[in-house]
Amino acid sequence: GSPAVSPVHDASSCCEDVSEGGREDEDSEGVGEAPPTCHPATDPPPPPPFSPPPPRPQAMEGRPAAATKLGRMSPSVYVGGGTLGRVSPGHDLGYHTLVTRQTPTPTRDRTTPTRDRTTPTRDRTTPTRDRTTPSPWSDVRASPFPALDLSALSSCPRSSPRPQLPQVPPQQQQTTPQQQQQLESTDQLLATYKGKRVARSSPFDKLSDELVVRILSFLPTNAVCQCARVCRRWYVLAWDPRLWSTITLASEAIHADRAIKQITRLLARDSGGCVHVEKVILNSCSRLSDRGLSLIGRRCPELRHLEIKGCINVTNIGIFELVTQCVNLEHLDVTGCHQITCIHLTQQGTVEPEPMHSRQLYLQYLDMTDCYALEDQGLKVIVKNCPQLLHLYLRRCINITDTGVKHMASYCLMLREVSVSDCVQITDFGMYELAKLGPNLRYLSVAKCDQISDAGIKQIARHCYKLRYLNVRGCEAVSDDSMEMVARSCPRLRALDIGKCDVTDNGMKLISEHCPNLKKLSVKSCDMITDRGVQYIAYYCRGLQQLNIQDCQVTIEGYRTVKKYCRRCIIEHTNPGFF
């Protein structure tokens, strides 16, 4: 009842097939020995000890219906769902048993031939074979006994070339130079040959580092610090020295000392100092102290511009530490720092008997507005240490007198802009001293210095004939007499504020005739100026851009005249009937 073995193959072919299978088994598993050589002439095949069970029809073409799990060192071969025998070093039944029982060579995989030891190991970077490619095992799977049709297989020779990385598909070879450069990157190679996923790129990844740095340059300092936390690339770009020529921290909530320490530490980690930082703005940082200024002086030796408006905790000590180390400082704004009374170069703040140019500051701009503790002696030290001052603003420094103004004119001969507004102790004698600056003076504000009269303004107009800006608002002793001298001596005047002064339409006529280039004019609260005076200004000063006529005796006629001749003029008024 058992099927007989087909005598199609002769003994020699069986010998060749089985010897090849034996070598493959020995090489693949590392155990067992090759069967003895067959001699068909002298050794006839012995009769089979038993007949194999009939194969199941449903399992002929596919896998066995059920298989018993065995150990790795004792593989079993299943054909049609039945066990034909075991192949292991301890159960070698000889050549005649293999031939009689039709036992195939055990394999590691039922569908893949056992790898020969001489065959180089497949590179793990090689992608798997395309399933659409016809397999050489199609004929073997189609036979009733696929494990027996091994004649078509051959072991891989030793001279076989090692597997190579697959070539890039043709559609990827025809790429632009930019795409080719991306393909050569490490991430692209990993994605191509290892199948690893590459992180999704953002539009910013397509921009060059130069463009990203340019974009970040428009952000304030705190925003740049936040951008540094986005990713590693942005961290590197955010701390580019080109972005840190200016440090701006303007908030009361910021701990300025701690922020300055951290920023300067990161900027100085490579170069040892923040040599590229030239401008620091710390306005309204009420928590800034002398310690922060000292840190800026040590780590930013090339600092040229500093603004610390409203930093009420800063004292003379912090300013001393800063100016002695930042020798190139040119712009200093300490508005509202009411504890500052002097800027000195010695520890005691005294004036040393040294030559004037042996040790000095190169400050050109100094704003000490609202430093109401400043006095004449401190001002003398400042102007003596800063002989190159061009701009000096002392608004609301109420302790400054004519003596302080004299020190200003004596040591700072190049002053171009001076403001002593609300310094109520300054009189006409101070104006006589400022007049010594001559044509260098271009800007003067003595607003609300009610002790200044026509005598002082005439002296200024006579000597400072290149004056561009004059503000005498609130000086009620100033009248048409001084306005005539100003109009005739200062034809280059561009801005004039005579609010609340004793000026009439006659003074307005003189100004309009001799100062045709006037751009800004304020006659606020001048009760004696009427439509006639405004019409003089509108007719002769056609380039007027701003006019303040609040609380004046100006009607709709004067308003329309200004609108007719000065089309670009912005008029400030308090009359609701103007339109």
Side-chain angles (χ1 to χ4, degrees), residues 182 185 187 198-314 318-319 321-322 325-326 328-337 365 367 369-370:
Q182 294 178 356
S185 64
D187 293 341
V198 182
R200 238 174 136 182
S201 60
S202 66
F204 262 96
D205 294 338
K206 299 179 181 179
L207 300 180
S208 62
D209 292 348
E210 295 292 333
L211 289 178
V212 176
V213 171
R214 179 64 176 169
I215 294 173
L216 295 178
S217 65
F218 294 98
L219 300 178
T221 300
N222 55 347
V224 175
C225 294
Q226 293 174 359
C227 291
R229 303 172 64 183
V230 172
C231 61
R232 184 177 295 274
R233 182 195 179 202
W234 280 32
Y235 179 84
V236 175
L237 297 180
W239 294 107
D240 191 295
R242 291 172 292 179
L243 296 177
W244 295 96
S245 60
T246 301
I247 299 177
T248 304
L249 299 173
S251 176
E252 295 182 359
I254 296 177
H255 196 298
D257 291 350
R258 190 177 302 170
I260 289 295
K261 179 179 179 181
Q262 185 70 9
I263 292 175
T264 54
R265 184 182 65 84
L266 292 174
L267 293 176
R269 58 187 174 181
D270 296 330
S271 58
C274 307
V275 295
H276 44 273
V277 177
E278 298 182 353
K279 186 176 182 179
V280 176
I281 301 176
L282 303 173
N283 296 331
S284 302
C285 293
S286 57
R287 304 175 70 177
L288 178 68
S289 64
D290 295 338
R291 183 177 180 182
L293 287 184
S294 178
L295 187 62
I296 293 174
R298 292 198 308 269
R299 294 187 176 178
C300 305
E302 299 298 326
L303 187 66
R304 297 179 180 273
H305 186 112
L306 177 65
E307 294 183 17
I308 51 175
K309 298 179 182 179
C311 299
I312 57 178
N313 294 321
V314 175
I319 297 297
E321 295 289 341
L322 177 76
Q325 299 182 77
C326 300
N328 295 323
L329 190 64
E330 298 177 353
H331 184 111
L332 179 61
D333 191 342
V334 292
T335 299
C337 302
Y365 182 102
D367 192 345
T369 301
D370 293 321

Which distance, rounded to the nearest 0.5 Å, do you find between the [atom1] of [X] and the [atom2] of [Y]?
{"X": "Thr221", "Y": "Leu243", "atom1": "OG1", "atom2": "CG", "result": "9.5 Å"}
{"X": "Cys337", "Y": "Ile308", "atom1": "SG", "atom2": "CD1", "result": "4.5 Å"}
{"X": "Asp367", "Y": "Thr335", "atom1": "CG", "atom2": "OG1", "result": "3.5 Å"}
{"X": "Asn328", "Y": "Leu303", "atom1": "CG", "atom2": "CG", "result": "9.0 Å"}
{"X": "Cys274", "Y": "Ile296", "atom1": "SG", "atom2": "CD1", "result": "10.0 Å"}
{"X": "Cys300", "Y": "Leu322", "atom1": "SG", "atom2": "CG", "result": "9.5 Å"}

Take Asp240 and Leu216 through the test side chain to side chain contact (heavy atoms under 4.5 Å, CB included) and record every step on the way to the result.
-> CA-CA 10 Å; Asp240 191 295; Leu216 295 178; over 6 Å; no
By salt bridge (charged side-chain N to carboxylate O under 4.0 Å, His left out), Glu330 pairs with (sequence neighbours left out) Arg304
Could you pull out all donor-acceptor pairs under 3.5 Å where a side-chain atom in residues 276-285 meets a protein atom, sequence neighbours excluded?
| residue | atom | partner | partner atom | Å |
| --- | --- | --- | --- | --- |
| Asn283 | OD1 | Lys309 | N | 3.1 |
| Asn283 | ND2 | Glu307 | OE1 | 3.2 |

Listed partners of Arg299 passing side-chain hydrogen bond (donor to acceptor under 3.5 Å, both in side chains), at least two apart |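 Thr264.
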Listed once per pair and sorted, the ring-ring contact (aromatic ring centres under 6.0 Å, His included) pairs that draw on residues 287-308, sequence neighbours left out =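 ring-ring contact (aromatic ring centres under 6.0 Å, His included) check on residues 287-308 returns His305-His331.
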With a 3.5 Å cut-off and sequence neighbours excluded, list the donor-acceptor pairs that the side chains of residues 286-293 form with protein atoms.
| residue | atom | partner | partner atom | Å |
| --- | --- | --- | --- | --- |
| Ser289 | OG | Asp257 | OD2 | 2.4 |
| Ser289 | OG | Arg291 | N | 3.4 |
| Asp290 | OD1 | Thr315 | N | 2.9 |
| Asp290 | OD1 | Thr315 | OG1 | 3.3 |
| Asp290 | OD1 | Gly318 | N | 3.4 |
| Asp290 | OD2 | Thr315 | OG1 | 2.4 |

Validation row: Tyr365, Leu332 side chains within 4.5 angstrom (heavy atoms) = no
Donor-acceptor under 3.5 Å (Trp244 side chain, Ala238 main chain) =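 Answer holds: yes.
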Quick one: which residue pairs count as a salt bridge (charged side-chain N to carboxylate O under 4.0 Å, His left out) with a foot in residues 209-221, not counting sequence neighbours?
-> Asp209-Arg233, Glu210-Arg242
